[in-house]
Amino acid sequence: MADASWIAHLLWLLPVLPLAAAAGVTVSPPSRRRRAAAATIGAQAVAFLIASALFLVVLKSSGGGDEIVRQTFNFTWFNFGSSSLELGLLLDPLNAPMLVMVTFVGLLICIYSVAYMSNDANFVRFFAFLSLFSAAMLGLLVANNLLLLFICWELVGLASYLLIGFWAHKPSAVAAAKKAFITTRIGDLGFFLGMIWLYAEAGTLQFYAGGAGILEQSTLTQLAAGITIGGMALATAISLLLFCGAAGKSGQFPFHVWLPDAMEGPTPVSALIHAATMVAAGVFLVARVFPLFAATAGPDLVSTALTTVTWIGAFTAVFAAAIAVAQTDIKRILAYSTVSQLGFMMLALGVGGVAAAIVHLIAHAFFKALLFLGAGSVIHGCGDEQDIRKMGSVRRFMPITFATYAIGMMALSGFPFFFSGFWSKEEILHVVHGWPQSPVPFYLALAGTALTAFYMTRQMRFVFFGNSRAETAAKPHESPRIMTVPLAVLAAAAVLLGIFATPAWPWFHRFITGGTATVDFGRLFTAGTLGLMFLSILLVGAGVGTAWVVYRRLPGSASAPDPLERRLPRLYRALADRLYIDELYNATLIPLHGAAGRAADGLDRFVWNGMVAALTRIILLLSALSQITDRRLFNQGFDSGCEILRRSGGRVSGAHNRNIQARLVYIGSGMVLLFILFAWI
């Protein structure tokens with residue numbers, strides 16, 4: 001680990017710049033639209049330049065060696081007694097490319113939003129929320145401390161709540177914002193408990209602290225050796241709690257229900273949340289604390305925590321892809337696609353493929369941001385229509401949107417050779433294929449690959465091909481250049497990024513894991529690589545071909561049944577209804593939660609309040625008795641005693657009121673008499 005250098009001190013600027021922009025825009029009047037947009041875009045642009053410079057520094061410091069070089073800057077936040085709470089910033093090969101990706105995609109989304117939100121009355125407030133979101137995400141990425149990461153994690157949740165419910169005049173948007181916030185908070189409770197437990201055991205939350213951090217060998221050995229309930233290792237129990245937060249934020253089953261509903265926010269919000277930022281946070285968290293998850297694993301990287309991540313990721317990948325097959329909202333299809341792709345990333349992390357997960361995360365950020373912004377362009381051009389059944393033949397009116405959207409679709413579907421999604425997904429399939437525990441996750445990943453190609457081809461057919469099924473006479477129109485230029489840039493990135501992720505030149509993989517990447521085209525023709533490539537291409541072709549056959553003849557109207565629905569009505573209806581998971585929660589968890597709430601309310605009203613009321617009455621009774629005793633016994637007794645004492649004093653005082661000279665005469669006479677009597681005797 002390298003000592004902190006001057007470049008590490010620039011890390012604080014990354015979250016501070018958009019945070020300052022958010023503060024400035026927040027206090028700006030609604031009429032200052034240009035100033036708000038300029039401040040937000042300017043802060044993102046400068047942050048992108050700094051992130052790029054930091055990336056180059058990490059690239060240079062690695063020097064192609066096997067050692068992973070990390071630069072840290074730790075500092076004391078505050079002292080309490082003889083202890084202190086340390087925070088810190090971190091720059092390493094894991095977060096350096098993430099910083100570039102988040103700032104770059106965020107910059108394009110901000111530029112795109114200028115046109116997309118131009119007619120919104122709350123334009124200024126929207127850009128303030130965008131800046132806050134970006135600041136929180138960048139703070140999360142640069143944190144060298146789990147507490148600092150958690151603080152930024154919660155700020156990301158707050159900003160997403162504000163953005164999802166931005167159109168508060170829509171009840172559905174308000175409901176979606178609350179659903180997202182509450183669902184992710186449930187997972188965050190596990191995260192919070194795991195963090196507290198980790199601090200209690202390790203005495204620190206620093207990731208890297210000169211050998212004493214929670215991700216360094218001495219602490220990991222201690223946590224792996226500790227045993228908790230049921231013989232589970234401390235490292236495993238804490239990792240599972242942290243994974244609850246990651247699963248909630250990244251929409252993994254069973255926390256996935258919030259993510260599709262988040263489509264109620266403006267389309268740039270969907271691109272920001274579902275591509276480069278919020279949903280990526282959960283994957284990044286697991287990647288960051290991966291040594292803790294693997295603390296009890298052997299050389300094969302199999303542990304209870306990692307096995308849990310593997311199975312949940314694999315199930316989510318195919319589960320969400322299947323639901324996407326029967327959705328009709330253009331953004332909701334992409335939302336379930338995001339859930340599925342995040343499942344692929346978690347699957348890769350579970351089998352030890354950290355580099356594969358991060359490569360797919362970054363590739364996915366570019367082509368999924370492209371798809372969401374492309375969907376926004378389609379919605380904008382079709383008069384705010386989102387139902388794919390009411391579209392058709394859009395490619396004739398929106399050629400740029402169609403071309404860029406097609407590139408995003410092929411990258412997501414895994415079209416071979418020329419798209420980043422193909423190579424990043426290939427690497428995931430490769431690492432999963434070698435998992436020694438079970439072949440089932442590999443088969444689930446293959447099924448998810450075929451389903452992805454199917455539902456994306458279905459979407460393309462409905463939106464861009466066939467005859468128009470619009471219910472209005474207005475024709476679609478191409479979006480302005482300020483919206484199409486970001487689409488073109490993201491399309492180029494979705495293609496070019498694949499160059500750095502091929503087995504022939506696995507540069508990205510080596511950058512994250514350490515080592516030198518050499519060009520060797522022979523790796524493409526090894527038995528394992530070539531066989532998996534052929535299988536993947538076959539599955540993608542099967543998915544595309546099946547969708548093309550099923551949707552060869554599109555419905556003539558929006559009200560006509562889906563061709564797949566005619567063939568498999570029960571399955572289609574179940575998938576269209578999201579496999580009834582929301583209904584299951586509404587029938588079980590929500591009533592149970594309501595019953596628990598009512599029980600708590602009854603306990604509070606009739607038990608605790610009753611006990612408090614009874615105690616209050618007892619205290620009031622004792623107070624009344626005390627008052628009576630005080631007034632009639634102590635006060636009257638004291639007053640009577642004082643009166644007797646006063647009268648006695650008066651009598652004694654009366655006796656002392658006579659002439660003192662006479663008294664002296666009496667005393668003297670008495671003494672003379674006593675003296676005579678004594679002398680006589």
Trainee: Nearest 0.5 Å, please: how far is OG in S303 from CD in Q437?
Mentor: 9.5 Å
Trainee: Is a donor from one side chain sitting under 3.5 angstrom from an acceptor on the other, for W167 and N122?
Mentor: no
Trainee: Taking CZ in F192 as the centre, count heavy atoms belonging to other residues, nucleotides or ligands within less than 6.0 Å. Is the count above 12?
Mentor: no
Trainee: Is there a donor-acceptor contact under 3.5 Å from the side chain of T26 to the main chain of A128?
Mentor: no
Trainee: Within a reach of under 6.0 Å around CZ of F150, are more than 12 heavy atoms found that belong to other residues, nucleotides or ligands?
Mentor: yes
Trainee: I'd like to know if K331 and D329 make a salt bridge, using a cut-off of under 4.0 Å between side-chain N and carboxylate O.
Mentor: no
Trainee: More than 12 foreign heavy atoms under 6.0 Å from CZ of F75: is that the case here?
Mentor: yes
Trainee: Got a second to check how far L615's CG is from I619's CD1, nearest 0.5 Å?
Mentor: 4.0 Å
Trainee: Cation-pi check for Y336 against R332: NZ or CZ below 6.0 Å from the six-membered ring centre and within 45 degrees of the axis, yes or no?
Mentor: no
Trainee: Any idea which heavy atoms bring T184 and A180 closest together, and the distance?
Mentor: OG1-O, 2.7 Å
Trainee: So that I know where these two stand, are F191 and W153 an aromatic pair - ring centroids less than 6.0 Å apart?
Mentor: yes
Trainee: Hey, are D604 and R598 close enough for a salt bridge, meaning a charged N less than 4.0 Å from a carboxylate O?
Mentor: no
Trainee: What do you reckon, are the aromatic ring centroids of F123 and F127 less than 6.0 Å apart?
Mentor: yes
Trainee: Once you round to the nearest 0.5 Å, how far does OH of Y116 lie from OG1 of T267?
Mentor: 3.0 Å
Trainee: Take the angle between the ring planes of H360 and H364 and call it parallel below 30°, perpendicular above 60°, tilted in between.
Mentor: tilted
Trainee: Within a radius of less than 6.0 Å around CG of N119, do more than 12 heavy atoms belonging to other residues, nucleotides or ligands occur?
Mentor: no
Trainee: I'd like to know if the side chain of T183 and the backbone of W258 have a donor-acceptor N/O pair within less than 3.5 Å.
Mentor: no
Trainee: Regarding D562 and R458, does a basic nitrogen lie under 4.0 Å from an acidic carboxylate oxygen?
Mentor: yes
Trainee: After noting the C-alpha distance and the side-chain angles of T304 and T236, does the key distance pass the side chain to side chain donor-acceptor pair (under 3.5 Å) rule?
Mentor: CA-CA 7 Å; T304 302; T236 299; 5.0 Å; no
Trainee: Might you point out which heavy atoms bring L292 and L220 nearest each other, and give the distance in Å?
Mentor: CA-CD2, 3.8 Å
